[in-house]
Engineer: 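One structure, as structure tokens, below. Some questions next.
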There are 2 protein chains.
Amino acid sequence: MPRRSDDTRAAILAAARSRFAADGFERATIRAIAADARIDPSMVMRYYGNKEGLFAAAAEFDLRLPDLREVPASSLGERLVGHFLVRWEEDGTLVALLRAAVSQDAAVSRITAIFAEQVGPVVARHAPDPAEVPTRAGLVATQILGFALCRYVLRLPPVVALDREAAVGWLAPTIQRYLTGAV
Amino acid sequence: MPRRSDDTRAAILAAARSRFAADGFERATIRAIAADARIDPSMVMRYYGNKEGLFAAAAEFDLRLPDLREVPASSLGERLVGHFLVRWEEDGTLVALLRAAVSQDAAVSRITAIFAEQVGPVVARHAPDPAEVPTRAGLVATQILGFALCRYVLRLPPVVALDREAAVGWLAPTIQRYLTGAV
DNA sequence: CTCGTTTGCCAACAATTGTTGACTTGATCT
DNA sequence: AGATCAAGTCAACAATTGTTGGCAAACGAG
């Protein structure tokens with residue numbers, strides 16, 4: 001059932017995502033988030049319990065990986081990298097997670113879970129050997145998260161300068177090999 | 001000339017590196033660092049000015065990349081990845097830099113500088129086209145930093161589980177292609 | 001309308017933080 | 001020995017933080 005405070009809750013969540021993404025967990029203060037949402041800081045506590053609860057709510061995230069069963073195995077890397085790039089840019093949540101992860105165990109668990117539960121199955125469907133699935137998913141994480149780190153958090157100039165096409169061109173073969181390449 | 005306080009200064013720096021690496025910039029408090037070094041917090045201020053000054057001193061870092069001019073171009077990736085892994089594990093400074101980078105502009109500049117000044121020349125010596133050097137160095141950064149992030153900061157289980165040999169086996173071809181591969 | 005519940009704001013608390021200044025100890029040099 | 005200066009200790013400040021409880025207004029059910 002819809003509550004009268006749903007707008008406020010949503011405003012808090014949106015402000016929290018943006019602040020967490022921009023400043024990380026500790027530097028994003030509840031007072032700043034509340035100011036962005038134009039409400040009193042105490043409302044945040046009422047609706048989300050405490051700062052960690054707010055983060056947990058703001059860090060809810062679905063990669064929305066498409067169904068790749070009909071995609072030829074050889075263009076898997078390309079499709080995956082393309083999807084990641086789009087998803088990363090349209091939703092700041094992943095950046096918030098990444099920024100918070102360095103000091104927030106909850107964020108680490110969330111990232112771990114995302115790669116295990118959402119990327120894992122895709123890998124499982126195409127990896128040569130089931131025993132290698134976690135390793136391959138982990139390797140995919142190293143390249144995808146590393147690219148996101150350099151592009152959206154560190155903002156290394158040459159990595160920021162890459163357009164989407166070039167980024168896919170460089171990263172896709174890497175992901176492809178981590179998914180299906182020989183050990 | 002050696003000062004009588006050199007031992008104290010070194011103890012502060014060591015404690016700072018370890019705390020920054022373990023907790024990140026904001027959660028590593030001066031009080032905790034001083035306690036580790038068994039001195040008064042005010043000594044930190046006296047010798048390093050403020051917290052940022054302490055971090056700047058603690059984040060001094062040299063990759064110590066070996067001279068790779070005589071290495072055959074084809075085993076460049078392998079040598080580089082191996083060196084990175086060793087360096088990363090013997091010195092916590094890089095992890096401290098990585099952890100601090102999400103909220104500390106100084107750390108970002110330092111990482112940017114390290115890759116531009118220390119990795120850049122290696123790339124320059126082997127890249128087909130000089131114009132591509134920054135891009136290629138940036139790509140190397142995405143994979144190397146991504147691996148370090150997943151292994152030492154996030155501690156993703158499958159990435160932690162890789163032994164050095166396996167890690168080199170997986171990453172070396174990626175780095176090799178970013179260094180010398182076709183665009 | 002009336003009552004209870006929800007929503008919101010205000011002020012304040014306790015803890016922690018980086019940082020500062022005054023004071024004491026100890027070594028070094030004349 | 002006495003003077004000088006670095007090295008170290010102690011206590012406190014000012015600001016910021018997450019968090020709490022009380023109170024006023026708005027709403028919805030009866």
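Below, read A as the first sequence line, B as the second, and so on, with proteins coming before strands; counting in each chain starts at 1. Heavy-atom basis, side chains included; hydrogens, waters and symmetry copies ignored. Because the structure is predicted, anything quoted here is derived from the model rather than measured.
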Engineer: Taking only side-chain N and O atoms of S5(B), does any of them lie within less than 4.0 angstrom of OP1 or OP2 on dA7(D)?
Structural biologist: yes
Engineer: Checking S75(B) against R79(B): is there a side-chain donor and acceptor pair closer than 3.5 Å?
Structural biologist: no
Engineer: Out of curiosity, F61(B) CZ to I111(B) CD1, how far, rounded to the nearest 0.5 Å?
Structural biologist: 10.5 Å
Engineer: What closest approach, in Å, do I33(B) and A16(B) show between heavy atoms, and which atom pair accounts for it?
Structural biologist: CG2-N, 3.7 Å
Engineer: What integer distance in Å separates D7(B):CG from dA7(D):P?
Structural biologist: 11 Å
Engineer: As a test of reading the structure: which of dA7(D), dC27(D), dT19(D) is closest to the side chain of R3(B), going by heavy atoms?
Structural biologist: dA7(D)
Engineer: Take A28(A) and R4(B), find for each the nucleotide of DNA chain D with the closest heavy atom, and name the residue whose nucleotide sits nearer the 5' end.
Structural biologist: R4(B)
Engineer: Using a cut-off of strictly less than 4.0 Å, decide whether T8(A) has a side-chain nitrogen or oxygen near OP1 or OP2 of dG8(C).
Structural biologist: yes
Engineer: Going by number, which of residues 41-49 of chain A have a non-hydrogen atom under 4.0 Å from DNA chain C?
Structural biologist: S42(A), M43(A), R46(A), Y47(A)
Engineer: For E26(B), does its backbone N or O pair with a side-chain atom of R27(A) as donor and acceptor, under 3.5 Å?
Structural biologist: no
Engineer: If you assign each of I39(B) and E52(A) to its closest nucleotide in DNA chain D, which residue comes earlier from the 5' end?
Structural biologist: I39(B)
Engineer: Can you tell me if R177(A) uses its side chain to pair, donor with acceptor, with the backbone of W170(B) under 3.5 Å?
Structural biologist: yes
